[in-house]
Q: 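Have a look at this one before I ask anything.
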Amino acid sequence: NKITGNLEVYNQESKTKMDLVLFVFAIEHVSRISRVIVMPGGCALLVGVGGSGRQSLSRLAAFMCNYNLKQIELSKNYAVVDWLEDLKEILISAGTGKKDMVFLFSDTQVKYPIFIENINSLLNSGSVPNIFGVDDKAAIIDAMRTVLKTDPNVKNMSNAELFIKYLERTKEKLHVVLAFSPIGDAFRERLRKFPALVNNTTIDWFFAWPKDALVAVAQKFFDAIEMEDTIRTQVGQTCQYM
C-alpha cells in the first residue's frame, strides 16, 4: 500500500506518468533498489532484459527516497562534449545540492566507449579525472562554503580542503544505477575491462516475470474492456502462456 501510494504521488507530480502494476515481484525489486541507494555511496547494477521494469522501478525507488534522478537524453547529435557536460551537472548537483542524486544509465545509451570508462571512474572515486575547469572548481568551492556554513572550521579551510570535502560529499551522495542486459558478449566484456561495475555495485537480477505477475498485468489491462467477468478471468489466465 505504501509503494502504491508513492506511485500515485509520483504520477501526480511527474510529467511522464508510469502505469505500473505493483505485483510482489515488482515490490521486491523496488525494496532492493531502495535499500541500496539509501546507503551512503550505494550503487546498483540491475541485470535483466529490456522491458523487465529496471528503469521504471529505479525511478519509483528514487522518488520514494526523495532523491533527484538524472538520465541522459540521447539524440543523433549527442556527442562526448554533451556527455561530459551532463556528468558535470550530475557531479555538482550531488556534491553541493541538498538532495542525493541517482544517475540512471542503461547499456542502450552507450554511444561511445568513453561512457563506460567514465562510469567506472564514478564508481571508483565518485568523480571523473580532469572534468572540472578552473571556473568550475571556483564555483564548487564557493558552493561548499554555503553547504558547510554550520561547520565552525569552514573559515579556516583552504580551497584545496574545501574541494576535498566536495569530493567526499559527492562520493557519499551520488548513486549510480546501471540497467544492463546480460544477453550477448558486450556485457561480459564490459565487466572484464571495468571491474568497478561489479566490485562497487550491488547486483540485482531481474529474472523472467512469474506467472502471477503476468496474470496481474493482464487483468489490469482487461479491466478497462467490456466483457463478462468469467471471460475476463479466463482471458487473463490465458495471457500468461502467450
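Because only heavy atoms are used, hydrogens play no part in the values below, and waters and symmetry mates are left out as well, while side chains stay in.
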Q: Only one of Ile90, Val177, Asn68, Asp86 forms a side chain to side chain contact (heavy atoms under 4.5 Å, CB included) with Phe103, so which one is it?
A: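 Among Ile90, Val177, Asn68, Asp86, the one that satisfies the side chain to side chain contact (heavy atoms under 4.5 Å, CB included) with Phe103 is Ile90.
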Q: Return yes if a side-chain donor-acceptor contact under 3.5 Å exists between Ser125 and Ser127, otherwise no.
A: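 Short answer, no.
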Q: Are Trp205 and Val24 co-members of a hydrophobic cluster defined by side-chain heavy atoms under 4.5 Å apart?
A: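 No, it is not one cluster - the side chains of Val24 and Trp205 are not joined through contacts under 4.5 Å.
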Q: Check whether more than 12 heavy atoms from other residues, nucleotides or ligands sit under 6.0 Å from atom NZ of Lys165, and answer yes or no.
A: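 Check fails, neighbour count at 12 or below.
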Q: Does Met39 belong to the same Ile/Leu/Val/Met/Phe/Trp/Tyr cluster as Ile33, with side-chain heavy atoms less than 4.5 Å apart forming each link?
A: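 Met39 does not cluster with Ile33.
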Q: Any ion pair linking Lys220 and Asp223 (charged N to carboxylate O, less than 4.0 Å)?
A: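 A salt bridge is absent here (no side-chain N lies under 4.0 Å from a carboxylate O).
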Q: Using modelled atom types and a 3.5 Å cut-off, is there a donor and acceptor pairing between side-chain atoms of Ser14 and backbone atoms of Thr16?
A: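 It does hold such a pair.
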Q: According to ring-ring contact (aromatic ring centres under 6.0 Å, His included), does anything in residues 215-238 pair up with another residue at least two apart or in another chain? List the pairs.
A: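 Not a single pair qualifies under ring-ring contact (aromatic ring centres under 6.0 Å, His included).
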Q: Checking the side chain of Lys149 only, and the main-chain atoms of Met144 only, is there a donor and an acceptor separated by less than 3.5 Å?
A: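 Not at all, since once roles are kept as given, no pair shorter than 3.5 Å links the two residues.
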Q: Sub-3.5 Å donor-acceptor pair from the side chain of Arg232 to the main-chain atoms of Ile225, do we have one?
A: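 The answer is yes, because a donor-acceptor pair under 3.5 Å joins these two groups.
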Q: So which atom in Val30 and which in Met64 form the shortest heavy-atom distance, rounded to 0.1 Å?
A: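 Nearest pair, atom of Val30 first, then Met64: CG1-SD, 3.6 Å.
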Q: Give a yes or no on whether the backbone of Gly53 and the side-chain of Ser56 come within a donor-acceptor separation of less than 3.5 Å.
A: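 Flag not set: sc Ser56 to bb Gly53 has no pair under 3.5 Å.
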Q: Quick one: does any side-chain atom of Lys173 pair with a main-chain N or O of Ser93 as donor and acceptor, under 3.5 Å?
A: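 Looks like no, no N/O pair under 3.5 Å.
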Q: Quick one, Ile37 and Asp100 - any side-chain contact, counting heavy atoms below 4.5 Å?
A: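 No, too far: nothing below the 4.5 Å cut-off.
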Q: A side-chain contact here means heavy atoms from C-beta on lying under 4.5 Å apart; do Leu74 and Thr108 qualify?
A: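 Leu74 vs Thr108: side chains apart.
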Q: Transitively linked via ILVMFWY side-chain contacts under 4.5 Å: Ile27 with Val38?
A: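 Same cluster.
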Q: Would you kindly confirm whether Leu178 and Ile114 end up in one hydrophobic cluster when ILVMFWY residues are joined by side chain heavy atoms under 4.5 Å apart?
A: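 Linked within one cluster.
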Q: Is the shortest side-chain heavy-atom distance between Asn120 and Asn124 below 4.5 Å?
A: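 The answer is yes; the side chains approach within 4.5 Å.
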Q: Please check: side-chain N/O of Arg169 versus main-chain N/O of Gly97, any donor-acceptor pairing under 3.5 Å?
A: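 Flag set: sc Arg169 to bb Gly97 pair under 3.5 Å.
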Q: Kindly give the heavy-atom pair with the smallest separation between Ala26 and Leu57, and that separation in Å.
A: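 That would be O-CD1, 3.9 Å.
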Q: Would you find a donor on one side and an acceptor on the other, under 3.5 Å apart, between the side chain of Asp82 and the backbone of Ala79?
A: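 Answer holds: yes.
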Q: Quick one: ring-ring contact (aromatic ring centres under 6.0 Å, His included) pairs with a partner in residues 40-76, sequence neighbours left out?
A: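 Only Tyr10-Phe63, Tyr67-His175 qualify under ring-ring contact (aromatic ring centres under 6.0 Å, His included).
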Q: Donor-acceptor pair, Asp142 side chain versus Ala139 backbone, under 3.5 Å?
A: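 Side chain of Asp142 to backbone of Ala139: no pair is present.
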Q: So, do Val217 and Phe23 sit near enough that their side-chain heavy atoms are less than 4.5 Å apart?
A: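 Heavy-atom side-chain distance check passes, below 4.5 Å.
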Q: With no hydrogens and no angle check, is any side-chain donor or acceptor of Lys211 less than 3.5 Å from a backbone partner on Gln237?
A: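 A pair under 3.5 Å: no.
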Q: State the CZ-CG distance between Phe25 and Leu214, to the nearest 0.5 angstrom.
A: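 These two atoms lie 9.5 Å from each other.
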Q: Taking all heavy atoms of Met157 and all of Asp151, pick out the closest pair and write down the distance.
A: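 Looks like CE-OD2, 3.9 Å.
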Q: Let me check something: any side-chain donor-acceptor pairs from residues 187-198 under 3.5 Å, sequence neighbours excluded? List them with distances.
A:
from, atom 1, to, atom 2, distance (Å)
Arg188, NH2, Asp185, OD1, 2.7

Q: Can you give me the closest heavy-atom contact between Phe132 and Tyr166, atom names plus distance?
A: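 Reported closest heavy-atom pair: CZ-OH, 3.3 Å.
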Q: Considering all heavy atoms of both residues, which atom of Gln71 and which atom of Leu104 are nearest to each other, and what is their separation?
A: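 Between these two residues, the closest heavy atoms are CG-O, 3.3 Å.
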Q: Taking the inter-plane angle between the rings of Tyr112 and Phe115 on a 0 to 90° scale, is it parallel (under 30°), tilted (30 to 60°) or perpendicular (over 60°)?
A: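 Perpendicular: the ring planes of Tyr112 and Phe115 meet at over 60°.
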Q: Quick check against the 3.5 Å criterion: does Gln109 have a side-chain atom that pairs as donor or acceptor with the backbone of Ile72?
A: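 Between the backbone of Ile72 and the side chain of Gln109 there is a qualifying donor-acceptor contact (under 3.5 Å).
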Q: List the atom of Ala143, the atom of Thr96, and the distance in Å for their closest heavy-atom pair.
A: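 That would be CB-CG2, 3.8 Å.
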